[in-house]
Amino acid sequence: NAGVMQNPRHLVRRRGQEARLRCSPMKGHSHVYWYRQLPEEGLKFMVYLQKENIIDESGMPKERFSAEFPKEGPSILRIQQVVRGDSAAYFCASAGFEGPGNEQFFGPGTRLTVL
Amino acid sequence: GENVEQHPSTLSVQEGDSAVIKCTYSDSASNYFPWYKQELGKGPQLIIDIRSNVGEKKDQRIAVTLNKTAKHFSLHITETQPEDSAVYFCSTGGGNKLTFGTGTQLKVEL
């Protein structure tokens, strides 16, 4: 019973390039969350998705960032025209149901470095 | 929005001693309080959680207390062991997303 999977684990991009981060939730989970962790800081919520729907994107920067969770395949967090400030660890979590008290299981993260 | 403060930021204890980490929150609508442990290079792992209808919960060497009136909750680890060394995050949930504290680096020394 595999946990939440993320790939790549490490990603290096030059300024102006695009970064694509993938997340496969736990089997049977249809709720996906993306969080960003800057060095020496806690995790910050970015976006919450269910299959084919964005439910809450209140933590997403207005520009350059987008997320999707298609009917088939992993959830994708896409960052266009990356800047050095985008360097961080990006974590995906999944849950089996929505609402308060839903345990979120985290993946190992993707560490993005922008040169 | 919710604001979660966590103290201390670093904590060193001798093996076998107890460790206590405290958090306060601002949103009275928060009703779910999970604690996560994060080891270097890994994702956060849930170690214990408590819901607002409970004041205390214990799981072996780990316990969490919640004071909803004062809006604070604490993590207690007894008989600490070297493998407890990690970063611990408190968090709150009232809807679907979690709001995290800034973390406590716990070091258990031999």
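In what follows, chains carry the letters A, B, and so on, assigned in the order in which the sequence lines appear, proteins first and then strands, with residues in each chain numbered from 1.
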If you compare all heavy atoms of A:F91 against all heavy atoms of B:Q38, which two are closest, and at what distance to 0.1 Å?
CZ-NE2, 3.3 Å

Give a yes or no on this: more than 12 heavy atoms of other residues, nucleotides or ligands lie within 6.0 Å of atom CZ of B:R61.
yes

With a cut-off of 6.0 Å (strictly less than), are more than 12 heavy atoms of other residues, nucleotides or ligands near CE of A:M60?
yes

Most heavy-atom pairs under 4.5 angstrom with chain B, which of A:Q6, A:E41, A:Q37?
A:Q37

Rounding to 0.5 Å, atoms CZ (A:F106) and OH (B:Y36) come to a distance of 5.0 Å

Point-to-point distance, once rounded to the nearest 0.5 Å, from CD of A:Q104 to CG of B:L98:
4.0 Å

Report which part of A:F105 has an atom under 4.5 Å of a heavy atom belonging to chain B: side chain, backbone, both, or neither.
neither

Take a 6.0 Å sphere around CD of B:E15 and say whether it holds more than 12 heavy atoms from other residues, nucleotides or ligands.
yes

Would you indicate whether A:K51, at its atom NZ, is surrounded by more than 12 heavy atoms from other residues, nucleotides or ligands within a distance under 6.0 Å?
yes

Contact class of B:K42 relative to chain A, heavy atoms under 4.5 angstrom
backbone

Pick from B:G41, B:G101, B:G103: which one has the most heavy-atom pairs with chain A under 4.5 Å?
B:G41

Where does B:P34 contact chain A at under 4.5 Å (heavy atoms): side chain, backbone, both or neither?
neither

Take a 6.0 Å sphere around CD of A:Q80 and say whether it holds more than 12 heavy atoms from other residues, nucleotides or ligands.
yes

Is it the case that more than 12 heavy atoms not belonging to B:L40 sit under 6.0 Å from its CG atom?
no

